[in-house]
Amino acid sequence: MAAHGTIAVTQPRRVAAINLAKRVAEEVGTPIGQKVGYSIRFDDASSRDSLIKYMTDGIMLRELLSDRLLLRYSVIILDEAHERTLRTDILFGMVKSIQKQRQDMIEQGRRDVQPLKIVVMSATLDAEKFSEYFYNAKIMYISGRMYPVKILNTVEPQSDYVDSALVTAFQIHQEEAPGDILIFLTGQEEIENLEKLIEEYATDLPPHVGKLIPCPIFAAQDSTTQQRIFEPAPPGTRKVILATNIAETSITIPNIRYVIDTGCHKSRGYNAKIGIESLLVEPISKSSARQRMGRAGREAPGICFRLYTEDAFDELEEDAVPEIKRCNLESAILSLKATGIDDVTGFDFMDRPPKSGMLRSLEHLYALEALDDEGKLTEIGKKMAAFPVDPPYAKVLLQSEKMECTKEAIEIISLLSVDSIFSSPSAKREEANEARQKFVSLDGDHLTLLNTLRAYESVKGDRDWCRENFINSRHMRHVIDVRKQLIQFCERSGMDPKRTCGQDLEIVLKCFLAGFFQNTALLQPDGTYKSVIGGQTVSIHPSSSLFGKKREAIMYNELVFTTKHYIRGVSALESAWLSQAAPKYFGRRQA
DNA sequence: GAGCACTGC
């Protein structure tokens, strides 16, 4: 260990951790992984001698499980704090408490303990909030480097921002100096609609005006398609990038001089009272609008066209609601409990999550047998917390040992816990659907995914095969990484990851019920499905292999309200299995 | 008949 302890720098995103580490290693003039290192899931380029270690905040939360006082670090820098991700917020409370505990130990005469310095880096305007939380910590202001960006608001509110974006893009193209355009939209469907409209209108441009080329970018695309936005526009032409929020923080696109901000994004929400997640179009915050604007001024002065009025901007919230107040807390609460924090409702949150959400999560963890009647972590809970997957998946893994299907459980969990391996560009929807048919299992998505993984491996992950079969190869490689890691974790906890149920795949579905018995629905006489817990009418998502099918009972991976209550990752069950799966569920609640 | 973005020793 370094004489003064390592400096840790946490980041919400993996790429940021890698890029910062590489840049700093270069400045210091040492190879990456020695004095300057990074650590992210699947890729640890750090050593015990690293003086500075960049890492994702998820990694630091994992490290806390085995080193509760983070003794190997003397300084912890929490970067991008203004984003207020769930993990950053949990870390705030943890490092604050650790700092105090270490100080107490030093005052009691412990010489082997060093004080912990905490640095919070935030691009927010109200640094006071962070300062007050950390015992009135000193604030330092550092100005950023950016070219000026002129802001133009609309005079009237716009009824159809996709249409206004179309008109504005062509206006820029015909009247303004060269430089690409970036339009912020809310999702794939909107992006693909606007792409088509731009292509249609572009054919009507006068001959002396250069082409306007639409370039869509969103997370579900495969990587070769995503790379296209980095190709420069041919001379005399102009690119117009159609992006989701991926371009706000995750991907930096060069040569942008003009930003068109629709003022909206899709936002994950969570109704803690009924325990249902949603994904809905909502107005962005002022800080998000400023972030979008800044994308026009990275290389030269730019212009930001806001498709809403100045009054509308003034009415936006200053910052987005912190994720911790609008998400499912099961995973976070299990982490807290496993780090020795029993009284989670008394935890020193910077912003307190709704009590109803905490109670619901505690109840679910109890139902999964991760907590006992007193709300204490059980042996099962301790094992669950060690797995790098959500609690229901962890429960399935433990159950798979008893049901002798660990191999299949690991594989299906890997497939379900990444973004969809099936890509479906709307222009080739029929083709994509047809390609998928050869993997479809009548039992539903769990076994369909398993079939697809087996087929992928039989061709050794061939890229052309993926393209022909509309399989997202980036997501599929991620599946393989997760599987490898889960195999290691199972071995470490004394399980046999090779244990297989062979052809008797019904067992695997029963095994999944151990974690997902609350995510079940029964067919009604009118042909709809109603959830067993809560009695909510749910619809099978069109991307599911059971879409349009009627089975007596179904289990689902996820329920999200968008235009309907859609369930994804759906498989058929026998209703008799349900009563066997969850004897403890109707037990009493405990904090 | 359709899902924003992240993350896990």
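Atom set for the values below is all heavy atoms of this structure, side chains included, hydrogens, waters and symmetry mates excluded.
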So, are R84(A) and D89(A) salt-bridged, with charged N and O less than 4.0 Å apart?
-> yes
R436(A) and E431(A) ion-paired at < 4.0 Å = no
Tell me whether the OP1 or OP2 atom of [N] has a side-chain N or O from [X] closer than 4.0 Å.
X: S250(A); N: dC6(B); answer: yes
X: T244(A); N: dA5(B); answer: yes
X: T562(A); N: dA2(B); answer: no
X: R14(A); N: dG8(B); answer: yes

Considering only side-chain heavy atoms of [X], which listed nucleotide, [options], is closest?
X: A219(A); options: dT7(B), dC6(B), dG8(B); answer: dC6(B)
X: H541(A); options: dA5(B), dA2(B), dG8(B); answer: dA2(B)
X: N433(A); options: dG8(B), dT7(B), dG1(B); answer: dG1(B)
X: R62(A); options: dA2(B), dT7(B), dG8(B); answer: dG8(B)
X: R13(A); options: dG8(B), dT7(B), dA2(B); answer: dT7(B)

Using a cut-off of 4.0 Å on non-hydrogen atoms, how would the nucleic acid contact of [X] be classed: base, sugar-phosphate, or nothing?
X: S267(A); answer: nothing
X: Q485(A); answer: sugar-phosphate
X: E558(A); answer: base
X: V281(A); answer: nothing
X: I246(A); answer: sugar-phosphate
X: E189(A); answer: nothing

Quick one: on DNA chain B, does T563(A) or V389(A) contact a more 5' nucleotide (nearest heavy atom)?
-> T563(A)
Ranking H265(A) and K564(A) by the position along DNA chain B of their nearest nucleotide, the one closer to 5' is K564(A)
Using modelled atom types only, decide if a donor and an acceptor are shared between the side chain of Y308(A) and the backbone of C264(A) within a distance under 3.5 Å.
-> no
Is a side-chain donor or acceptor of N472(A) paired with a backbone partner of A220(A) at a separation under 3.5 angstrom?
-> yes
Just checking, is any N or O donor in the side chain of Q101(A) or R68(A) under 3.5 Å from an acceptor N or O on the other one?
-> no
The side-chain contact (heavy atoms from CB on, under 4.5 Å) partners of D44(A) (sequence neighbours excluded) come to S39(A), S46(A)
Apply salt bridge (charged side-chain N to carboxylate O under 4.0 Å, His left out) to E248(A) and list each qualifying residue two or more places apart in sequence or on a separate chain.
-> R292(A)
Using the side chain to side chain contact (heavy atoms under 4.5 Å, CB included) rule, pick out the option among R326(A), K325(A), E323(A) that qualifies with L86(A).
-> E323(A)
Nearest whole Å is fine: how far is [N] [atom2] from [X] [atom1]?
X: Y393(A); N: dT7(B); atom1: OH; atom2: P; answer: 17 Å
X: H475(A); N: dT7(B); atom1: NE2; atom2: C1'; answer: 13 Å
X: R492(A); N: dG8(B); atom1: CZ; atom2: P; answer: 15 Å
X: L279(A); N: dC6(B); atom1: CG; atom2: C1'; answer: 13 Å

Contact check, residues 37-46 of chain A vs DNA chain B, heavy-atom distance under 4.0 Å, returns I40(A), R41(A)
